[in-house]
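For reference, the structure discussed in these notes is given below.
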Amino acid sequence: MQALSSNRNPNTSQFSFDQTICYVHLTKMAEALVAAALKQLADVMEQQVKLVMGVEEEAEKLGSNLQSIQGVLVEAERRQFENHAIRHWLDNLKEVSYSIDDVLDSWNIEILKEQIEEDQESACSWFRTQFLQLPTLKQVCSIFPISCFSCCETGQRYKIAREIKKLNQRLDDIAKERKRYDFDLTYRGDEQIKPLVVNSAIDAAEVKGRQEEKNTVIKMLVGSESVNKLNLQVVSIVGMGGLGKTTLAKLVYNDSEVEKNFESRIWVSVSKPFDEIKIAKAILEILINAASVLVEFEAIMQHIRKLLKGKRLLLILDDVWEDGPSKWEQMRDSFMSASLGSSILVTTRDESVAMNMGCTGDRLFKLGNLFLEECWSIFSEIAFFEKNNDERVQLEAIGREIVKKCDGLPLAAKTLGNLLRFKDSRQEWQSVLNSEVWELEGLWEKNRETQSGFASLWLSYYDLVLELKPCFSYCAILPKDHEIKGDNLIQLWMAQGYLRQTHVDDMERIGEKYLHNLAGHSFFEVVHKIDCGHVMSCKMYNIVHDFAQYIVKNECFSIEVNDEEELKMMSLHKEVRHLRVMLGKDVSFPSSIYRLKDLRTLWVQCKGNSKVGAALSNLFGRLTCLRSLNLSNCNLAEIPSSICKLIHLRQIDLSYNKDLKGLPEALCELCNLQTLNMDGCFSLVKLPRGLEKLINLRHLHNGGFEGVLPKGISKLTCLRSLNRFSIGQNNQEACNLGDLKNLNHLQGCLCIMGLEIVADVGEAKQAELRKKTEVTRLELRFGKGDAEWRKHHDDEILLALEPSPYVEELGIYDYQGRTVFPSWMIFLSNLKTVILTNCKTCEHLPPLGKLPFLENLRIWGMDGVQKAGLEFLGLESSSSSSSGIAFPKLINLRFMRMRNWEVWADDFIRMGDEEDSTKITIMPQLRSLSFAWCSKLKAVPDQFLRKATLQELTLTCSPELKRAYQKGIGQDWHKISHIPNIKIWNFGEKRLLTLLEERGLIHHG
């Protein structure tokens, strides 16, 4: 690794680290922008589409200038600290690069529009010639020497041509100026992005050395008699950033002793600002295990007060800042309804914050730095992962010197360990040890104690390949401690042009590699990950977020506006490209933002009744460089047609605008659009007819959309995400099942709705689901209705909808056929989860025991079943010749709302007898078993209950089972008393339905 140069001009002052980090980021950003511009220029030129005479020559000159400048950027990076003029030169280069990107994008849009027009002309030509006997557009044009459409060239195309020439003139000046500095040419070869994967052992390394601290905090919470006499105590963990406060709090939260002592455990990430409504809502949703429709603070707190009454509570408020205590008093009283011994655990960097929230001196735990050997343990476990003993011996001495520079910060040790994990030579390790970064002064003026944390992050950032740097720095726009879905983050990167499609990988797969790499460098904490390694969600460590904000402080801003006059006085930097605005209650959208014409990202967050809708026309008309626009949950009722002016827009989030009733046709003019998010727009029942013109659309998030999709959906062959595919009936404008045929790039979840109206088996086969090999979760929804003809219809349609063998989760809803086990199901070799809901006409449980890899099974509303027997196991009889394993991998089994189910068949019960001679093993890995609303069922087979693997049994609204198994009164309590976690609940049916609907487990009605 190359260390920063120590050469300085003696006539210049010594640079502080904040200057250094900003200027080096400036170079890296310029380098990334130039590389991106060259790639985009090559893509556009490959189309070989003429704009006006001579533009090709100008474009080639543009590429030549960019390439000559690209060759000296490494040298410019080294020398920018000795010459202010070089820094100014880099700044100009960055601004021109952004402008080049805008112009090339406009050129690309013209190419796309030509393609769309040609496709439309081709589709209409047959109709014209056959029915109207009119010539085609090409025939019309051939009649006239001058195209009747040449007005296009005199408009937008000439404008693009002029802009390219202007940019070339600016770039000429920059290219000439570089000669004054006598830069050395440096060839930077193609850097390879290593496929870093965060190993579970590496995840565990961060928590080393905190056992004693964990025990001390637990004792504060539960270990004293005085604690049990307090109604509500506040305990606090205080320490600087990167020290591991959150990690320690997690260790405490997940401890078995703590779990036993508190009936309700709640974790809320607070960060800045202290949003009392958001925090209260998060607490409520954890308590009810569902989304809440309440929005008023007082109503939320009253509900919390009722739910906590008489329960022992542990509430963890993680990462509280200086603005917390002033708002805390409004919340604290509601927690007083909890029982004696309840506790609140606060983590904060500031001791005064803890004291102001009610923490006394004996309940304040100051987290210290790790001992050197503890830091070494974290570092070495990561850095030497997969290195042999000889390599360890060679590098250990240097490694121990590096660890001394961590100053006892676990995150610094982890970051440096990940940095050196793939570096094998002594020279590379020595370069890290000798880096000038460790000596630079003024790392962070307000908190000098975090210098080693920032230095380790800087070394890791500097080591990233060029393509990863903008992906990381862009994340400064995220709220602190914000958990974001991995797919959503990748789509944001796509919108900014950070991910480029290749012949081998599409943008989403490249983004996944980038995300894994950044997590491997300790820049992200992976919160949820599935077996295949896909990152479901992630977030930044707080100190990493501080670092990201620090290196982009002139380009990325987050502002909170609670008073309109306040923003008029604010001066946002003219270079700002990415902006997150948090609007207070009843605050209008600030007009001063309109002057930020180069803005590429705008994320608006509203509190209460913020007035955003009235500002949209101005916003769309002035911020025309936007690539990403987030208007989620902004109380919007309509979208103006002027949205078509956002020609560069790639991503728009309109989710959870519950009053939004329609989208304008003008939206379909955004031919660059890649992501359209309409999740939770429950009033939206119709989409624009021209949707087919969005030929670059890759992600259509329409969860909660109850309308049918337009016919043109079949032309969106780039689609990767489509939550709901809703079929229309007898409507030429609505799609049918056959329109799925060409959407073979779909990934993740696909829900097909309206299958009860599919006309015939041929239409179902046209969907060609077997070719959708990237669809891993498939939902087949047949809709309501109990017509007799559906017994045959649903059977045939289900059989024709054979999915790809790569499906991992299958849900079948409202099926009215005779059996719900089509012949293709047994061949789904990756199938792990099956959900069967409201299959009311099935009289027997399907033979799901045959599925070799099934781990999760939920059967809901199978009202036709009265007796369950061996058919459920996939066995014909219990003869002595029978052998094998039924449900060999099943972990979780749930039966819900089986209203007519009374008994298990005798042959099934006999299988559990000790004298039974069969060699059949049933559910050898079962861990969780649940029965809900099985009102007539009297018993559970012993072979389920006596399993040593069974850890959880839940009985809900099942009176006969409650009578049999309840502790103290049930005659069969002894059969379940060994199970560690037993829950017997009596929810009202209406309440449970509401909870399940809110969680999306069932549909209304």
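Each residue takes its place number in the sequence, starting with 1.
- Here the shortest heavy-atom pairing between Thr675 and Gln491 reads CG2-OE1, 3.3 Å.
- Rounding to the nearest 0.5 angstrom, the gap separating the CG atom in Leu654 from the CD1 atom in Ile643 is 6.5 Å.
- Counting only heavy atoms from C-beta outward, the side chains of Met678 and Leu687 approach each other to under 4.5 Å.
- Closest of all the heavy-atom pairs between Pro688 and Cys668 is CB-SG, 3.5 Å.
- Without hydrogens or angle criteria, Asn830 side chain to Pro805 main chain gives a donor-acceptor distance under 3.5 Å.
- Counting only heavy atoms from C-beta outward, the side chains of Asn900 and Val865 never approach each other to under 4.5 Å.
- In this pair, His699 and His701 present their aromatic rings parallel. The plane angle is below 30°, not in the 30 to 60° band.
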Next item on the list: Kindly indicate, with the supporting measurements, whether the criterion side chain to side chain contact (heavy atoms under 4.5 Å, CB included) is fulfilled by Cys718 and Leu697.
Entry: CA-CA 6 Å; Cys718 286; Leu697 195 65; over 6 Å; no
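- Although no hydrogens or angles enter the test, the distance criterion places no donor-acceptor pair under 3.5 Å between the side chain of Ser804 and the main chain of Lys771.
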Check: Taking it one step at a time, do Asp659 and Leu636 satisfy side chain to side chain contact (heavy atoms under 4.5 Å, CB included)?
Finding: CA-CA 6 Å; Asp659 296 324; Leu636 301 179; over 6 Å; no
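- Here the CG atom belonging to Leu857 is positioned 8.5 Å from the CG atom belonging to Leu851, to the nearest 0.5 angstrom.
- Taking SG of Cys751 as the reference point, atom CZ of Arg781 lies at 4.5 Å (rounded to 0.5 Å).
- Separation of the Trp904 and Phe944 ring centroids falls under the 6.0 Å cut-off.
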Check: Would Val761 and Val758 count as a side chain to side chain contact (heavy atoms under 4.5 Å, CB included) if you check the C-alpha gap in whole Å, the side-chain angles of each, and the deciding distance to 0.1 Å?
Finding: CA-CA 8 Å; Val761 173; Val758 175; over 6 Å; no
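- Note on Lys840 versus Asp814: no salt bridge recorded, every NZ/NE/NH1/NH2 to OD/OE distance being 4.0 Å or above.
- Taking all atoms of both residues into account, the shortest heavy-atom contact from Leu716 to Leu743 is O-CD2, 3.3 Å.
- No more than 12 heavy atoms of other residues, nucleotides or ligands shown are found within 6.0 angstrom of CD on Glu638.
- Asp653 places no side-chain N or O within 3.5 Å of a backbone atom of Leu631 that could act as its donor or acceptor partner.
- Between the side chains of Glu483 and Ser537, at least one donor N or O lies within less than 3.5 Å of an accepting N or O.
- When every heavy atom of Phe872 is checked against every heavy atom of Leu845, the shortest pair comes out as CD1-CB, 3.6 Å.
- Using cut-offs of 30° and 60° for the angle between ring planes, the Phe682 and Tyr656 rings count as perpendicular.
- Distance alone, capped at 3.5 Å, is enough to place a donor-acceptor pair between the Asp739 side chain and the Asn736 backbone.
- From Ile695, atom CD1 reaches atom CG of Leu719 across 12.5 Å, with rounding to the nearest 0.5 Å.
- In terms of heavy atoms, Tyr815 sits closest to Leu798 at CE1-CD2, 3.5 Å.
- A donor-acceptor pair under 3.5 Å is formed between the side chain of Lys947 and the backbone N or O of Met923.
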Margin query: Could you walk me through whether Val940 and Tyr965 satisfy the side chain to side chain contact (heavy atoms under 4.5 Å, CB included) test, starting with their C-alpha distance in whole Å, then the side-chain angles of each, then the deciding distance to 0.1 Å, before giving a yes or no?
Written below: CA-CA 10 Å; Val940 178; Tyr965 296 109; 3.8 Å; yes
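- Geometrically, Arg724 does not engage Phe705 in a cation-pi contact, judged by NZ or CZ lying under 6.0 Å from the ring centre and within 45° of the ring axis.
- Taking the charged nitrogens against the carboxylate oxygens, Glu809 and Lys832 have no contact shorter than 4.0 Å, which rules out a salt bridge.
- Using a 4.0 Å cut-off between charged side-chain N and carboxylate O, Lys791 and Glu788 make a salt bridge.
- The existence of a salt bridge linking Glu774 and Arg509 is confirmed by a sub-4.0 Å separation between a basic side-chain nitrogen and an acidic carboxylate oxygen.
- In this structure, CG on Leu700 lies 9.0 Å from CG on Asp679, to the nearest 0.5 angstrom.
- Between Asn838 and Gln816, the shortest heavy-atom distance links the atoms O-NE2, 3.6 Å.
- Lys711 and Glu692 are not joined by a salt bridge, as no carboxylate oxygen comes within less than 4.0 angstrom of a charged side-chain nitrogen.
- Counting only distance, with no hydrogens or angles, the side chain of Gln925 and the backbone of Leu890 share no donor-acceptor pair below 3.5 Å.
- Judged by distance alone, the side chain of Asn630 and the main-chain N or O of Ser632 form a donor-acceptor pair under 3.5 Å.
- Side-chain contact check for Leu489 versus Cys538: some heavy-atom pair is nearer than 4.5 Å.
- When side chains are defined from C-beta on, Ile979 does not count as touching Gln951, because their heavy atoms never get closer than 4.5 Å.
- For the pair Gln766 (side chain) and Ala764 (backbone), a donor-acceptor distance under 3.5 Å is absent.
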Next item on the list: Verify salt bridge (charged side-chain N to carboxylate O under 4.0 Å, His left out) between Lys867 and Glu902, making sure each step is shown before the conclusion.
Entry: CA-CA 6 Å; Lys867 180 188 292 187; Glu902 296 183 10; over 6 Å; no
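- Taking 4.0 Å as the cut-off between side-chain N and carboxylate O, Glu960 and Lys938 do not count as a salt-bridged pair.
- When side chains are defined from C-beta on, Arg698 counts as touching Met507, because their heavy atoms get closer than 4.5 Å.
- Ring to ring, Trp901 and Phe895 are close: their centroids are under 6.0 angstrom apart.
- In this structure, Thr841 contributes its side chain and Gly817 its backbone to a donor-acceptor pair below 3.5 Å.
- The distance from atom CD1 of Ile652 to atom CG of Leu673, rounded to the nearest 0.5 Å, is 7.0 Å.
- Of the possible donor and acceptor atoms, none in the side chain of Asn742 sits under 3.5 Å from a partner among the backbone N and O of Thr717.
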